[in-house]
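Structure record follows, encoded as structure tokens.
Atoms within each ligand, like the ligands themselves, are counted from 1 in listed order. Just so you know, these numbers come straight off a predicted model, no measurement behind them.
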Amino acid sequence: MGATSLQELFEHELGDVYFAEHRLVDAYESFAANTNDQELTDLFEEHREQVGNHIERLVQIFDTMGEPPQEEECQGIEELLAEYEEFVEEGPDANVLDLYNVTTAGKTQRYEITAYESLIEVAKALDNEDAVDLLRETLDEEQETLDRLQEHGAAFDYDSIPA
Ligand SMILES: [Fe+2]
């Protein structure tokens with residue numbers, strides 16, 4: 001039988017984002033390695049370090065429920081990153097790849113932001129205030145990273161790529 005309670009939904013979604021965060025450690029390492037723009041490389045590396053904190057906070061939340069941390073395979077992130085790898089393997093132009101890194105990283109941030117916003121609402125309904133606080137800290141970092149990516153996207157030199 002599938003989930004029938006808020007608690008079960010919460011644990012499912014927590015496991016999903018826990019899985020996604022682990023995949024994103026490697027993904028952000030790839031984004032950093034695949035870019036020519038030093039500022040972007042710094043941004044990707046900074047966020048990669050933050051992901052370590054995100055994972056740590058998720059472990060703490062599982063702890064508040066007396067549960068061992070458990071990954072729930074997240075095919076959404078898997079497929080998004082598989083598509084990214086395929087695009088990179090085809091050998092795109094360096095400037096195209098810079099822009100594609102920003103786009104793909106932005107997609108992962110949107111995914112996580114929605115996941116964390118939903119988890120916060122469910123944690124509130126479950127009166128798990130410790131979880132709400134921890135999830136909000138991560139959500140702020142996810143949002144800040146998305147804002148910075150969007151600034152890069154807006155400031156990107158589109159003339160550097162043939163139309
Ligand atoms: Fe994250």
After noting the C-alpha distance and the side-chain angles of T138 and H54, does the key distance pass the side chain to side chain donor-acceptor pair (under 3.5 Å) rule? CA-CA 6 Å; T138 297; H54 301 176; 4.6 Å; no
Is any side-chain heavy atom of R110 closer than 4.5 Å to a side-chain heavy atom of T114? no
Shared-cluster residues of F19, by chain and number - hydrophobic side chains joined below 4.5 Å: none
Kindly give the heavy-atom pair with the smallest separation between L58 and Y18, and that separation in Å. CD1-CA, 3.6 Å
Residues two or more places apart in sequence or in another chain: which of them pass side-chain contact (heavy atoms from CB on, under 4.5 Å) with D63? none
Protein N, O or S within less than 2.8 Å of the Fe ion (ligand 1), waters excluded: E21 OE1, E21 OE2, H54 ND1, E112 OE2, E142 OE2
In short, salt bridge (charged side-chain N to carboxylate O under 4.0 Å, His left out) pairs touching residues 38-54 with sequence neighbours left out are E29-R48, E46-R148
